[in-house]
4 protein chains.
Amino acid sequence: MIVVLKPGVPEEKRDRLIEWLQSMGMKIHLSVGEYQTIIGLIGDSSNIDVDLIESLDIVDSVKVVTETFKQVNRKFHPDDSIIEVGDVKVGGGNFCLIAGPCSVENESQIVEVAKAVKAAGANMLRGGAFKPRTSPYDFQGLRGEGLELLKIARAETGLPIVTELMSATDIPLFEDVDVIQVGARNMQNFDLLKELGSVKKPILLKRGLANTLKELLMSAEYIMASGNENVILCERGIRTYSDYLRNTLDLAAVPMLHELTHLPVIVDPSHATGIARMVPPMALAAAACGADGIMIEVHNDPQHALCDGAQSLRPEVYADLVKKINAVREVVK
Amino acid sequence: MIVVLKPGVPEEKRDRLIEWLQSMGMKIHLSVGEYQTIIGLIGDSSNIDVDLIESLDIVDSVKVVTETFKQVNRKFHPDDSIIEVGDVKVGGGNFCLIAGPCSVENESQIVEVAKAVKAAGANMLRGGAFKPRTSPYDFQGLRGEGLELLKIARAETGLPIVTELMSATDIPLFEDVDVIQVGARNMQNFDLLKELGSVKKPILLKRGLANTLKELLMSAEYIMASGNENVILCERGIRTYSDYLRNTLDLAAVPMLHELTHLPVIVDPSHATGIARMVPPMALAAAACGADGIMIEVHNDPQHALCDGAQSLRPEVYADLVKKINAVREVVK
Amino acid sequence: MIVVLKPGVPEEKRDRLIEWLQSMGMKIHLSVGEYQTIIGLIGDSSNIDVDLIESLDIVDSVKVVTETFKQVNRKFHPDDSIIEVGDVKVGGGNFCLIAGPCSVENESQIVEVAKAVKAAGANMLRGGAFKPRTSPYDFQGLRGEGLELLKIARAETGLPIVTELMSATDIPLFEDVDVIQVGARNMQNFDLLKELGSVKKPILLKRGLANTLKELLMSAEYIMASGNENVILCERGIRTYSDYLRNTLDLAAVPMLHELTHLPVIVDPSHATGIARMVPPMALAAAACGADGIMIEVHNDPQHALCDGAQSLRPEVYADLVKKINAVREVVK
Amino acid sequence: MIVVLKPGVPEEKRDRLIEWLQSMGMKIHLSVGEYQTIIGLIGDSSNIDVDLIESLDIVDSVKVVTETFKQVNRKFHPDDSIIEVGDVKVGGGNFCLIAGPCSVENESQIVEVAKAVKAAGANMLRGGAFKPRTSPYDFQGLRGEGLELLKIARAETGLPIVTELMSATDIPLFEDVDVIQVGARNMQNFDLLKELGSVKKPILLKRGLANTLKELLMSAEYIMASGNENVILCERGIRTYSDYLRNTLDLAAVPMLHELTHLPVIVDPSHATGIARMVPPMALAAAACGADGIMIEVHNDPQHALCDGAQSLRPEVYADLVKKINAVREVVK
């Protein structure tokens, strides 16, 4: 850690700060310049409160040199992590195609969609059983029953299942789920993250509504520090002042996260845009910039063609998209 | 709800949409203009998916006429709600001054600060026992022990206590707490909000990192719809691209929330700015624009004057501030 | 325009509003519901101030039905516009590859880079002569001399030249430039936009730092309404709270703009990310989601390999990238 | 400047960087730690491109120690600047109350409003003659004629006049204006800022739509570096994802700017909120947090009471507000 003092700080005040830092176990490297005095801290500064030091009236600014994320950090783990979900591998050059309906509605729906996305090339099935809804009056999902229906669809197709958990108290219900998803609104539900550290199965961690990459990595660090190394990161759009689209899909996060961490990074263009016809171009863009997988909402509702989910693709559109995604991957790999 | 169609939509497609809307129980009011066709929906449209309709290729845009928040809505409850916390009232012209340390550290600390803030004019004591931290390696709070220390401080001073809950599984520990705080990162932890509906004590609901006012109100609606009417809203700064300050304190949210809801609205200038010397001006600004209370971090650490919490005030600074807050309230009321 | 009144508005107030709207030349369609009263306005409402009506105490909200952008609107001009720059076409399936150094520095630099990017496949040359700099103490560009050097590079390679104009007073200097660029910071310099309406050459209009798509389209409308139909839009990243990257590249703007307007849309991944090694993945992503062109910074500085511009590619990296961009375009077209 | 290298950088690469930095005239202070190597640069680093160094593959991060703004910096100019506008002083404890209509419409309107705001306590008159409008089809102001009407109002009341300039070519028209306003959309129109350096009259510089405080200060630096020291800063709300309000008024910018610069800082609550009934609470909040002045839109239109400007106050509301503003100032000074 480097502490830059304001110009003209009295020596007495400076020395009091240095003594206090030494009392915290730090070795000090003082550099007195013509305009600026800089205090370098050597040692383990992880228990020193940066905000506190930054707020002292004699301090101009503080520069933290070592990153606070350790286990997720590529610096200490240069090779790509490969997360195994049954026979499916994610990361390290292995690509996953996760598809399925927004919500699980009934057996025929989920089984039909599962078969359709498998035929199209998907290798995992998604479907919401527990649904985070902004309004308490909106449909909250089939919950436990939805999980059972997902397992039936898995039995029929062999596709591993991915579904969202909203509360640590429901973890026992998820014992037979293949990948547990943590939604954007729970990315910083730290108690939930800790509990997921003791579950050994893969966790799909979605980036929060307005969270930075560092915060996403720190949330993954919570899961890893609690004992579970199987974390897949997911970019799903962030909140901005943008009009016309629900969120702003931050695709540059994909190559940047690949630089910062060894964990695989997938993209969810369905939630990012909220509009079905924007999903294919953004899925192709995600493949082009190196994502390790793409998660897309697909529905199957021949009788009610009108009430397409706003952001869901029809199976035939998805099948066509998968071909193009694979072709783009060929080009960029 | 009003649905505006794109120009040149074929009648057949339009009629299929109308039939579907009628099948959902809506009465239709069709208005065919020279350039634009508008479908007005009469009836209870709460179970119609706006995003879905907005995403149809024949639809230009959708306008929701009735608000989705009901119980928190001032339209249906014109008088200010007054939340009672022991003898302290919040809202409807009653002002609360909540103060205390960021974290509960030990008995002498919390009791001393409690006495100091009471002497300064505070009428509630805050203190963190369960701490949401971005990093798993940071101090997570004294947890249950911290709650016990808060109760000791309450016994010594008579001040009701306000402290943060992070997980529904800890609710039993909070039985004897006066006000349960829901932190910014849990504002959309919907399962937690539902559980707090069955707790009958006052809930202090902080606005999330990057949430809109509507989302804040919908989260309050979750608590009220689950049976608990005692909700206090709290503006604590939102995330922007701003430099130099941790968050952007959105004070205009105070008068706007007062227009939208009958619930009391307080302000936390300590977390919003993250810098102790910015707290007094922003606390005065909060009082000037009509807040129903102000929550401020105050510490008391004579031996370690250096390591002031970055955003905490010394008791004597707080005491002086309280006098000015009261004087500003006299002017604006 | 649709005006939704608040519940319980007295008839007298409502009728006063209706009379005033009629006095502005509007025909009125009144719909009195059980809970809500809606006033539909028929006629040319373009001279009615929406903000004004929205702010009336009896009004709940206003819905503008017709869009304010006309000439740029795809609704009234369904076919793609094709902008011609010498022999190069942009839009309507024609792709442009614009490349060159951040700043024009001297003749050998600009000529060498021009030759290198042409050999790599670029069909336009970019280079900054007038430089918008945040600090008055930073290098402001070679200005007029830089324009002359660009023309020399054009003479040597045949590549049309693209360069930024910062002030209407400099327009005469740009008479022999092929494409005039309007930078992000001038996107809403309305006086400059009007002046560019009387210039008949292609304008490359960059999206502002934090502007919405509608605002970008309105700025293009300024140029078109002033008489110049040759506008190319450019997405270059928007400001968010994102860490690690300078801006957030909003690639979903590409397919969305294609839906809203007939004008071509290109992408600048160099300024969006600010980091050379992020440029190739984001350029490929731009090609994958349907951009009509890509503008990339390329430098050529063998003696000072160290001082690579932060966001500039070496020619050989650019040449390799162009091959992949073309391959991705083959897949997605 | 401090350059932190990535772990494990080969000595050869490190030394090449050091040599290059030395060739730029810097003295080097190398600190090789167990985990991290840090290069301290001593000397004038203002001509070194931070982005460039930060983007090198061997560099982890760069910390700029000295601020890039000089003349506006309070460090080098500890006393408040006091800007004189005729007999009115702004800054250093002197408060200004600027009021007037959004647009100048005709003589009787501007004279009447001028008299009304003067009677209410205003000491400067504002009024738009050149209007920046998002749409080319909206009213663009009376332009030169509007300036003449403002001068008539000044002659009648003695109030100095404040009005917006949009283009350097119009500067001659503003010779007899007392304060020239630079609007939010032109805050980074650097050519305009430079031109205003040679004008010696006070400049009211509004913070841009989504600009940081540092950028605002750098724009003020442009004006000062070009020779004009009379700059007043204005916070007018920034763009966020906020609903219900047009912009987010960043009032904490007021005390923070007072710390960073000696220039006076005023607040415009009318544009920030866009809603007349939000103006009084936010004006009081601005006074409470130490603003050096408040600029408010006031209209005077007895015949058309309905068509109040959305964000304009009636004179009697303004008069009442001024009394409260003054009372709040008494409390906080």
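Every chain is numbered from 1, with letters handed out A, B, ... down the list of sequences.
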Check your understanding: Would you call C:K131 and C:D138 a salt bridge, using N to O less than 4.0 angstrom?
Key -> no
Point to revise | Contacting moiety of C:Q140, where chain D heavy atoms sit under 4.5 Å | key: side chain
Practice item. Among the options D:A184, D:S219, D:P136, pick out the one with the most heavy-atom pairs lying under 4.5 Å from chain C. Key: D:P136
Check your understanding: So, do D:L17 and D:L21 sit near enough that their side-chain heavy atoms are less than 4.5 Å apart?
Key -> yes
Exercise for review: Identify which part of D:N186 has an atom lying under 4.5 Å from any heavy atom of chain C, answering side chain, backbone, both or neither.
Suggested key: side chain
Review point. What part of D:T212 gets closer than 4.5 Å to chain C, counting heavy atoms only: side chain, backbone, both or neither?
Key: both
Check your understanding: Have C:E297 and C:S312 got a donor and an acceptor in their side chains that come within less than 3.5 Å?
Key -> yes
Review point. Between C:Q188 and C:G208, is there a donor-acceptor pair closer than 3.5 Å when you use the side chain of the first and the backbone of the second?
Key: no
**Study point:** Note, C:V59 side chain near C:K6 side chain (heavy atom, < 4.5 Å)
**Key:** no
Review point. Are C:E11 and C:R16 ion-paired here, with the side-chain N under 4.0 Å from a carboxylate O?
Key: no
Exercise for review: Let me know if C:T169 has heavy atoms under 4.5 Å from chain D in its side chain, its backbone, both or neither.
Suggested key: side chain
Review point. Which word best sums up how the rings of D:F174 and D:F130 line up, parallel for under 30°, tilted for 30 to 60°, or perpendicular for over 60°?
Key: tilted
Review point. When heavy-atom pairs shorter than 4.5 Å are enumerated against chain C, which of D:R133, D:M224, D:E215 gives the highest number?
Key: D:R133
Point to revise | Interface moiety of C:D170 toward chain D, non-hydrogen atoms closer than 4.5 Å | key: side chain
Revision key, fill the gap. Okay, C:K194 and chain D: the region with an atom under 4.5 Å from a heavy atom over there is side chain
Practice item. Go through D:A225, D:S167, D:S135, D:G183 and name the one with the most non-hydrogen pairs under 4.5 angstrom from chain C. Key: D:S135
**Study point:** Option that, when pairs with chain C are counted at under 4.5 Å, heavy atom only, ranks first among D:M166, D:K214, D:R239, D:R277
**Key:** D:R239
